[in-house]
*Asks:* 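Below is the structure I would like to discuss, written out as structure tokens.
No hydrogens, no waters, no symmetry mates; every other heavy atom, side chains included, goes into these values. Because the structure is a prediction, the values reported are computed rather than measured.
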Amino acid sequence: MSSGIAGTATAGGTKGGAARRHLPDAPFLAATRRGRPSRRPVWFMRQAGRSLPEYRELRKGTGMLEACLTPDLACEITLQPVRRYGVDAAILFSDIVVPLKAAGVGVDIVAGTGPVLEQPVRTGADVAALPALDAEGVAPVADAVRLLVRELGDTPLIGFAGAPFTLASYLVEGGPSRNHERTKALMHAEPDTWHALCSSLADTTLTFLRAQVDAGVDAVQLFDSWAGALSERDYRELVLPHSTRVLQGLADTGLPRIHFGVGTGELLGAMGEAGADVVGVDWRLPLDVAAARVGPGRALQGNLDPALLFAGQDVVDREVRRILAEGATAEGHVFNLGHGVLPETDPDVLARVVDLVHETPVPATHEP
């Protein structure tokens with residue numbers, strides 16, 4: 001298997017002055033732009049992290065947020081799955097609450113729980129008191145990106161951030177929530193406060209993504225992890241304008257923009273309208289159906305159920321082939337999981353998935 005790190009990239013310029021690699025032959029970038037890649041591209045959400053023994057060894061004694069804000073550590077963790085699997089893209093090792101922490105919000109990531117806020121945000125006064133993020137606050141993240149640009153050769157690097165709704169849910173609930181009851185109550189009972197909160201978070205998200213873009217990432221992904229908890233009506237009225245502002249705010253970069261949420265099958269049409277070039281699809285909906293819902297002019301990413309990686313190689317091979325066939329109906333397709341790699345996943349199974357995707361011939365054209 002190729003490491004994906006060898007090779008030379010030609011540097012260009014970015015708006016922020018950092019080196020921008022020119023990667024005309026990268027299969028991942030070709031697929032995101034609805035071109036014909038040289039091979040079927042594949043990467044995995046949460047590929048950098050918890051399922052890899054080398055990651056667990058490296059992270060011993062280091063908290064999650066500390067690791068995210070230590071450039072050489074974040075760089076090495078990002079590189080690990082590229083070396084092991086030969087995936088077609090790296091994704092920056094970070095977390096969606098990093099910009100909140102960097103701005104001065106009291107948040108920590110508690111093992112076994114997730115992000116936990118010192119003080120939830122539930123009133124207009126709370127929203128007004130939220131600190132703004134300055135790009136200097138995420139300088140360690142930009143430094144990690146610069147290190148990676150030098151190390152990755154011809155493998156593209158994806159930057160990412162959490163979407164305003166998902167960040168808002170963490171802030172309002174005070175941590176992860178099954179039902180998002182406080183969030184939905186605020187959305188409907190105090191819409192002005194809700195929109196002010198999401199507007200503030202859109203500013204934070206754009207600042208965070210711009211810092212990554214200026215440092216040299218080759219694509220960005222906006223995670224709206226909890227948007228699937230919403231009806232389409234609520235999504236369109238109370239969430240879509242803020243996600244649109246983030247994605248459209250990056251249009252001038254010319255970089256591929258990916259938008260992903262979990263349980264969002266009923267929202268795919270609306271999510272496609274937010275301004276992404278690629279819409280991520282979880283495992284609940286076949287990609288040919290998703291392509292029809294998203295509509296023309298966009299590529300798809302997904303969507304193997306992460307749990308099926310435990311079902312044995314015959315099942316995994318069958319499902320990978322099915323998804324590749326369904327993905328051929330889209331205008332572009334990047335193979336991925338329908339959510340992140342689960343912690344107990346066998347790395348050898350993921351390596352086999354990469355090989356199988358790469359061995360599958362590229363369709364001559366998409367098949368509507």
Side-chain angles (χ1 to χ4, degrees), residues 1-7 23-48 81-91 152-158 218-219 221 256-258 260 276-283 285-292 294 296-306 308-309 313-341 345 347-368:
M1 177 186 297
S2 146
S3 71
I5 305 182
L23 304 173
D25 300 321
F28 165 78
L29 295 176
T32 62
R33 293 179 169 128
R34 296 178 288 123
R36 188 168 190 263
S38 59
R39 67 184 184 192
R40 305 290 287 264
V42 52
W43 69 279
F44 305 112
M45 288 181 281
R46 291 184 181 154
Q47 66 187 13
V82 183
R83 292 194 194 104
R84 180 183 273 265
Y85 302 129
V87 286
D88 295 290
I91 185 163
L152 278 167
D154 55 5
T155 301
L157 175 63
I158 305 168
D218 305 291
Q221 177 156 310
R257 297 157 294 169
I258 308 167
F260 172 75
D277 305 288
V278 183
V279 176
V281 183
D282 77 3
W283 66 92
L285 195 70
L287 288 178
D288 50 352
V289 177
V294 170
R298 295 171 187 85
L300 297 184
Q301 179 176 277
N303 67 340
L304 179 66
D305 185 340
L308 293 185
L309 294 170
Q313 202 61 63
D314 289 346
V315 172
V316 172
D317 289 359
R318 181 190 71 210
E319 291 300 298
V320 168
R321 292 188 179 100
R322 174 185 63 81
I323 289 164
L324 289 170
E326 292 169 356
T329 67
E331 295 182 29
H333 176 226
V334 176
F335 190 95
N336 208 310
L337 303 181
H339 199 198
V341 175
T345 303
D348 290 343
V349 176
L350 287 174
R352 166 61 184 162
V353 170
V354 173
D355 288 343
L356 182 56
V357 172
H358 285 167
E359 291 164 4
T360 303
V362 178
T365 60
H366 80 280
E367 302 167 5

*Asks:* Nearest 0.5 Å please: distance from the CZ atom of R352 over to the CD atom of E359.
*Replies:*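 Going from CZ on R352 over to CD on E359, the span is 5.5 Å.
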
*Asks:* Once you round to the nearest 0.5 Å, how far does CZ of F335 lie from CG of D88?
*Replies:* 12.0 Å

*Asks:* As an exercise, state the distance from CG of L350 to CG of L337, rounded to the nearest 0.5 Å.
*Replies:*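 It comes to 6.5 Å.
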
*Asks:* Would F28 and D218 satisfy side chain to side chain contact (heavy atoms under 4.5 Å, CB included), going step by step from the backbone distance to the final call?
*Replies:* CA-CA 10 Å; F28 165 78; D218 305 291; over 6 Å; no

*Asks:* Partners of R34 by salt bridge (charged side-chain N to carboxylate O under 4.0 Å, His left out), sequence neighbours excluded?
*Replies:*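 Scan of R34 (salt bridge (charged side-chain N to carboxylate O under 4.0 Å, His left out), adjacent residues dropped) gives E331.
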
*Asks:* Rounded at 0.5 Å granularity, tell me how far CZ in R40 sits from CD1 in I323.
*Replies:*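 Answer for the CZ-CD1 pair, R40 versus I323, is 11.0 Å.
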
*Asks:* Please enumerate all residues that pass side chain to side chain donor-acceptor pair (under 3.5 Å) together with D305, with sequence neighbours excluded.
*Replies:*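 D305 satisfies side chain to side chain donor-acceptor pair (under 3.5 Å) with no residue once adjacent residues are dropped.
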
*Asks:* Quick check: closest heavy atoms across I91 and A48, and the distance to 0.1 Å?
*Replies:* O-CB, 4.3 Å

*Asks:* Could you tell me which non-hydrogen atom of G86 sits nearest to which non-hydrogen atom of V354, and how far apart they are?
*Replies:* O-CG1, 4.0 Å

*Asks:* Applying side chain to side chain contact (heavy atoms under 4.5 Å, CB included) to D154 and D25, what does each step give before you reach the verdict?
*Replies:* CA-CA 8 Å; D154 55 5; D25 300 321; over 6 Å; no

*Asks:* Quick one: list whatever passes salt bridge (charged side-chain N to carboxylate O under 4.0 Å, His left out) with D282, sequence neighbours left out.
*Replies:*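 By the salt bridge (charged side-chain N to carboxylate O under 4.0 Å, His left out) rule, D282 matches R284.
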
*Asks:* Evaluate V289 against E326 for side chain to side chain contact (heavy atoms under 4.5 Å, CB included), listing each step before the verdict.
*Replies:* CA-CA 9 Å; V289 177; E326 292 169 356; over 6 Å; no

*Asks:* Kindly write out the residues that satisfy side-chain contact (heavy atoms from CB on, under 4.5 Å) with N336, not counting sequence neighbours, or none if the list is empty.
*Replies:*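 Listed in chain order: W43, F44, M45, Q301.
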
*Asks:* So L309 and V353, do their side chains get closer than 4.5 Å, heavy atoms only?
*Replies:*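 Yes, close enough: below the 4.5 Å cut-off.
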
*Asks:* With the side chain counted from C-beta on, respond yes when S38 and V362 share a heavy-atom pair under 4.5 Å apart, and no when they do not.
*Replies:*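 The answer is no, as the side chains (C-beta and beyond) never meet within the 4.5 Å cut-off.
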
*Asks:* I'd like to check the salt bridge (charged side-chain N to carboxylate O under 4.0 Å, His left out) partners of R46; sequence neighbours left out, ordered by chain and number.
*Replies:*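 Once residues adjacent in sequence are excluded, R46 has no partner under the salt bridge (charged side-chain N to carboxylate O under 4.0 Å, His left out) criterion.
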
*Asks:* Specify the closest pair of heavy atoms between Q47 and A90, including all atoms of both residues, with the distance to one decimal.
*Replies:* NE2-CA, 3.7 Å

*Asks:* Contact between N303 and L287 at the side-chain level, heavy atoms closer than 4.5 Å - yes or no?
*Replies:*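 The answer is yes, as the side chains (C-beta and beyond) meet within the 4.5 Å cut-off.
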
*Asks:* Nearest 0.5 angstrom please: R318 CZ to L308 CG, how far?
*Replies:* 8.0 Å

*Asks:* Atom CG in L324, atom CZ in R322: separation rounded to 0.5 Å?
*Replies:*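 With rounding to 0.5 Å, CG (L324) is 10.0 Å from CZ (R322).
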
*Asks:* Verify, without hydrogens or angle tests, whether R298 (side chain) and P296 (backbone) share a donor-acceptor contact under 3.5 angstrom.
*Replies:* yes

*Asks:* Taking side-chain contact (heavy atoms from CB on, under 4.5 Å) as the definition, give me every residue that meets it alongside A290, ordered by chain and number, with sequence neighbours left out.
*Replies:*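 In terms of side-chain contact (heavy atoms from CB on, under 4.5 Å), with neighbours along the sequence ignored, A290 is linked to L268, V281, L285, L300.
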
